[in-house]
Amino acid sequence: MIDLRSDTVTRPDESMREAARDAAVGDDVYGDDPTVNDLQQRAAEVLDKEAALYVPTGTMGNQIAVRLHTERGERVLVEADSHIYYYELGGMAQHSQVQTYGIDGGERGVVTPEAVREGYVEKSLHRPGTGLLTLENTHNRKGGTAIAPERIDAAADAAHDLGVPVHLDGARLFNAAAALDVPASRIAREVDSVMFCLSKGLGAPVGSMLVGSEEFIDEAVRVRKLLGGGMRQAGVIAAPGIRALENRHRLSDDHDAAQRLASGLADVDGLDVAQPETNIVLVNTEMPAAEFLARCEDRGVDGTEFDEHVARFCTHWNVTEDDIDAAIDAIEAVMD
Ligand SMILES: *Cc1c(COP(=O)(O)O)cnc(C)c1O
């Protein structure tokens, strides 16, 4: 099976397994795990922020950030197709008791400063006030679009001018950085907190990082504990995360693979393939996407349904060029 469902299906390589086996560990709830501490320090350095926290999942990282930045009842400005709104079970309502306001980020999921100002409500006797703006880069549901740092800055500046903090869901931040050929720290420069996943294209088996100011991370430790995310000898899973961080330098291989796949599918009748910006290929299908994907599966290629007529294929380090070519042949045969 050529598994293109997600970049989360990657298996840890030998170096990660060795790192896990050899990791120095301690009880991380006491702050005693040297490997976790090392990972946190490296993550903060890579993003040029003060501090970072290792969390089990990206979802938990995002939800901790919302909880910390907001007060009950406040409005949170989100891109209407963003993961934090679309795929996290309404967690913002459940954990933070806030209401969301969806901004339409258009084809590429870009939140403009005008949209931030439009979505903002001022706190008053009758209105809840605006607690947070969240941004996403790369934007998953828009097809892995890599949003330029200037666009992130513009939205963040507009929010800050209104006294509203900004959280960046950078689950695939390093994909954006690779595609735009800028350091990830540049993309995150103007935002207050960032979440990124070690467990996607970077290839770690477990974990994400929440990054921000020292004060923010000190509080984040408490909310992580509240959500049941305080871990003990977590160095065993953090050690592969340290290796994974170095994989940010190879993500352009995944982008090349996505280009190869999209080009190979460009002329197939019944499919309309968007030009990928990173490692996600969205395919519009004439037949229902569910049927298309079932046929692909029969021929050994797995993808995910994104919409009634949209399938997503995601490239990652466990697929080779030969796999991509075989996937193209299989999908062509499906449509024949
Ligand atoms: C995967 C993802 C998350 C959540 O990460 P998990 O580790 O699966 O909880 C958040 N945001 C985006 C954009 C993602 O793609």
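Throughout, numbering of the chain's residues begins at 1 and tracks the sequence. Below, all heavy atoms of this structure are taken into account, side chains as well, without hydrogens, waters or symmetry copies. Whatever order the structure lists them in is the order used to number ligands and atoms, beginning at 1. This is a predicted model, so every value here is computed, not measured.
If you run side-chain contact (heavy atoms from CB on, under 4.5 Å) between L4 and each of N279, T304, V319, D302, only V319 comes through. Results of the side-chain contact (heavy atoms from CB on, under 4.5 Å) test with V111 over V78, I147, V116, V166 single out V116 as the only residue that passes.
Looking at atom 2 (C) of ligand 1, its nearest protein heavy atom turns out to be K200 NZ, 2.2 Å. Closest to atom 10 (C) of ligand 1, if we only count protein heavy atoms, is H83 ND1, 3.2 Å.
Residues V98 and L77 fall into different hydrophobic clusters, defined by Ile, Leu, Val, Met, Phe, Trp and Tyr side chains chained together at heavy-atom separations under 4.5 Å.
Between M335 and F292 the shortest side-chain heavy-atom distance falls below 4.5 Å.
Interface atoms of ligand 1 facing M195, defined by a heavy-atom separation under 4.0 Å, are 10 (C). Below 4.0 Å from some heavy atom of T57 lie the following atoms of ligand 1, by number and element: 7 (O), 9 (O). Taking every heavy atom of T59 and a limit of under 4.0 angstrom, the matching atoms of ligand 1 come to 4 (C), 5 (O), 6 (P), 9 (O). Near R172, with a cut-off below 4.0 Å to any heavy atom, the atoms of ligand 1 are 15 (O).
The shortest N/O to N/O separation between T138 and ligand 1 does not fall below 3.5 Å. At a 3.5 angstrom cut-off on N or O pairs, E88 does not count as close to ligand 1. When only interatomic distances are considered, the shortest N/O to N/O separation between S199 and ligand 1 does not fall below 3.5 Å.
By the 4.0 Å heavy-atom criterion, M60 is excluded from the residues contacting ligand 1.
Residues H139 and E79 have side chains that bring a donor and an acceptor to within less than 3.5 angstrom of each other. Between the side chains of Q63 and E88, at least one donor N or O sits under 3.5 Å from an acceptor N or O.
Using a 4.0 Å cut-off between heavy atoms, D169 contacts ligand 1 through its side chain alone, with no backbone atom that close. Neither the backbone nor the side chain of T8 comes within 4.0 Å of ligand 1, counting heavy atoms alone. Only the side chain of E136 comes within 4.0 Å of ligand 1, counting heavy atoms alone; its backbone N, CA, C and O stay farther away.
Stacking of R172 on the aromatic ring of F196 is not recorded, the 6.0 Å distance cut-off and the 45° axial limit not both being met.
Counted within 6.0 Å of OH on Y85, heavy atoms from surrounding residues, nucleotides or ligands total 12 or fewer; the atom is thus considered open.
Considering only non-hydrogen atoms, atom 6 (P) of ligand 1 lies nearest to G58 out of P56, G58, C197.
V46 and S185 get closest at one heavy-atom pair: O-CB, 3.5 Å.
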